[in-house]
Amino acid sequence: MLDVLGNLERTHTCGELRETHVGQQVVLMGWVAKKRDFGVLTFIDLRDREGVTQVVLSEEDKGEAHAKAKGLRGEFVIAVKGEVVEREGTHNAKLATGGIEVHASEILILNDAKVPPFQLEVAGSENLADESTRLKYRYLDLRRPQLQHNIRMRAKAVAAIREYFDKRDFIEIETPILLKSTPEGARDFIVPSRIHSGKFFALPQSPQILKQLTMISGFDKYYQIARCFRDEDLRADRQPEFTQLDMEMSFPNRETIYREIQGMFNHVLRLIDVELPAEWPRLTHAEAMRRYGSDKPDLRFEMELQDLSDNLRDTDFAPFADTLSGGGEIKCIVAKGKADYSRKQTDDLQEYVKRYGAGALAWIKVGDETTSSLLKVLGEKKIAELVSASAAEAGDIVLIVAGRKSVVAASLGALRNEIARRENLIDRTKYACLIVTEFPMFEHDEESDTYVAAHHPFTSPMDEDLELFKTAVNDPSQHHLLGQVRAKAYDAVINGYECAGGSIRIHQKDIQALNFKALGLSSEMARERFGFFLDALEYGTPPHGGFAAGIERTCMILCGTENIRDVMAFPKTASAQDLMMDSPGEVDTSQLNELSIKIAN
RNA sequence: GGAGUCGUAGUUCAGUUGGUUAGAACGCCAGCCUGUCACGUUGGAGGUCGCGGGUUCGAGUCCCGUCGGCUCCGCCA
């Protein structure tokens, strides 16, 4: 039989009591984490979000309460009235409350509980139940102290962000969730309109245009903790709905924005007692790609990419010669002390880089006797030259990829991270931040042979590249120059994660028109899609720019996890389903009828 | 859309070359136990080996398909 709570109030949490409370009468409420029954003596570990307190019941002392405790099981919800007693000779150093225990005089069973489908408390996080089971019972998984900590850290991070921007006179402005679909960028989640049959809203991929409009409206400094939606496939750090810190300012230059990026992240990282440099290191996009093969390099370790192209120009080894004559390059990384990699291991790494389009992975193992997969085709002398060019030392392995520049960067950049992970080269106490600047304005799309916006179509070109930009757009024969135009676009990177990105926007309608033309959008099409925005640009738009930071990725860094599901209360699976709610689900035919929607198959 | 990997008791896993009745630990149930905190101890219950098909005298094991979890490529202005 369950008890009623009545007027009882708890006096303390389960993480609160210390030796200083000894002698006090207290009331605790929480979940039974563990029961240890000794017949006439019973111990209960009582858990709430703040911690665990040991409760003791003895038959000798309070027979009624002790008898009631017999019926307790894991996850029952109880209230305990009792006295705080110092533990004599049985302190438990593993518990914050381990110096005391509560001798119960009365127990109320507030609710019972079924046996959980998996064990909440297991020694070591390695033996956790299968994630699909835990996702189905997410509310139980969330009871685990680790997830409790992560979700609370997220709340603290969001609070710190608000604190930062409020103090600096930014205005928090909410923008609509029901917007209009624009075909660029990610796939939209669309929402049918009942009132306007056959028409649809779209959920925001980000509040981009709206935040720019707040600048045109004269708010000067805007921010928002904004939910965003992108109907794309998931990754360990990507969910279809996620949260961004979105900010925008009027009259900034790039340094103005960098100051806010640095200031905000530095403020947030102090939550975990990490002090990032006031001025973050900078790398241009081109340099990041050249040295690390990535636009979000992890700078917690070295192992930079090195170019061997010049050393191999004279080779007649066809894969290399063809690569170089075709405008490709040959680069390497040096894994220190890994000359003992076995054939299996190098084969394994080759399979790894092939995912990124690399044809093969060549290697040189440097030692008393230097060996190489290229020895037969290049000869000892050339191998020695490559070793010296890569500055590899005895005991090192040189790993070489040849191919198109984009493939070499992608494969060696990924290999660099993979080796660091396998060989534990990453110092987990280190936090390496940087700002990557001067992103290219356009990316070439191989399939359609067109140029698409690398960031988004409102990004301003760099002043230095403005003439180049105009030439490339207006002279069809010079269209390929678009690939060389740099934008006032930047990313903030921490520990290899793209935590924020932004740009200075276009505020003049002529340049905006030019950009739409570059992207292959006729003025009619541009007007149809963004007419309201083009109109707005004509009424005195201030220069403006900003950035958006991924709340989840930032929290992943704060919590030291590599999985976005660890920092979201109710995440979805890799196939974008919610196993707890079983969503997405079907809807009633009457609902569809009301929306004039028919399912095609 | 593609690739890899995993799927055996409530949970985590083992399961030999295809061969008797599919095991262990934890959890669960019942008993004993006055200082445990991974309590101990005695006994017990618990299995559509993800699902479907095939090969075979015989399939958890081999083959084909399929579903689901995770990771990656494509995708993510």
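Throughout, a chain's letter reflects where its sequence line sits, starting with A, and its residues are numbered from 1.
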Give every residue pair that meets the side-chain hydrogen bond (donor to acceptor under 3.5 Å, both in side chains) criterion with at least one member in residues 519-528 of chain A, sequence neighbours excluded. A:Ser522-A:Glu524, A:Arg527-A:Asp535
With sequence neighbours left out, write down each residue that passes side-chain hydrogen bond (donor to acceptor under 3.5 Å, both in side chains) with A:Ser58, or none if nothing qualifies. none
Using a 4.0 Å cut-off on heavy atoms, which residues in residues 30-39 of chain A reach RNA chain B? List them by number, or say none. A:Lys34, A:Arg36, A:Asp37, A:Phe38, A:Gly39
Going by the rule ring pair (Phe, Tyr, Trp, His ring centres under 6.0 Å), which residues pair with A:His12 if we only count those two or more places apart in sequence or in a different chain? A:His21
Partner residues of A:Phe516 under the ring pair (Phe, Tyr, Trp, His ring centres under 6.0 Å) criterion, sequence neighbours left out: A:Phe530
RNA chain B contacts among residues 403-424 of chain A, heavy-atom distance under 4.0 Å: none
What are the residues of residues 501-522 of chain A, sorted by number, that bring a heavy atom to within less than 4.0 Å of RNA chain B? none
All pairs passing salt bridge (charged side-chain N to carboxylate O under 4.0 Å, His left out) where residues 411-423 of chain A contributes a residue, at least two apart: A:Lys338-A:Glu423, A:Asp348-A:Arg422, A:Glu418-A:Arg421, A:Glu418-A:Arg422
Pairing check on B:A3: which nucleotide meets the Watson-Crick or G-U wobble criteria with it, both distances under 3.5 Å? B:U71
Scan residues 479-499 of chain A for pairs that pass ring-ring contact (aromatic ring centres under 6.0 Å, His included), counting only residues two or more places apart or in two chains. A:Tyr258-A:Tyr490, A:Tyr451-A:His479
Any chance the side chains of A:Thr243 and A:Arg227 put a donor and an acceptor closer than 3.5 Å? yes
Residues which pass ring pair (Phe, Tyr, Trp, His ring centres under 6.0 Å) with A:Phe570, listed by chain and number, not counting sequence neighbours: none
Quick one: which protein N/O atoms are closer than 3.5 Å to N/O atoms of nucleotides 72-75 of chain B? Pair and distance per line, please.
{"from": "B:C72", "atom 1": "OP2", "to": "A:Ala236", "atom 2": "N", "distance (Å)": "3.1"}
{"from": "B:C72", "atom 1": "O2'", "to": "A:Arg355", "atom 2": "NH1", "distance (Å)": "2.9"}
{"from": "B:C73", "atom 1": "OP2", "to": "A:Arg235", "atom 2": "NE", "distance (Å)": "2.9"}
{"from": "B:G74", "atom 1": "N7", "to": "A:Arg235", "atom 2": "NH2", "distance (Å)": "2.8"}
{"from": "B:G74", "atom 1": "O6", "to": "A:Arg235", "atom 2": "NH1", "distance (Å)": "3.0"}
{"from": "B:G74", "atom 1": "O6", "to": "A:Arg235", "atom 2": "NH2", "distance (Å)": "3.3"}
{"from": "B:G74", "atom 1": "N1", "to": "A:Asp233", "atom 2": "OD2", "distance (Å)": "2.6"}
{"from": "B:G74", "atom 1": "N2", "to": "A:Asp233", "atom 2": "OD2", "distance (Å)": "3.3"}
{"from": "B:C75", "atom 1": "O2'", "to": "A:Glu232", "atom 2": "OE1", "distance (Å)": "2.5"}
{"from": "B:C75", "atom 1": "O2", "to": "A:Arg238", "atom 2": "NH2", "distance (Å)": "3.1"}
{"from": "B:C75", "atom 1": "N3", "to": "A:Arg238", "atom 2": "NH1", "distance (Å)": "3.3"}
{"from": "B:C75", "atom 1": "N3", "to": "A:Arg238", "atom 2": "NH2", "distance (Å)": "2.9"}
{"from": "B:C75", "atom 1": "N4", "to": "A:Arg235", "atom 2": "NH2", "distance (Å)": "3.3"}
{"from": "B:C75", "atom 1": "N4", "to": "A:Arg238", "atom 2": "NH1", "distance (Å)": "3.3"}

Numerically ordered, the residues 62-77 of chain A set in heavy-atom contact under 4.0 Å with RNA chain B is A:Arg73
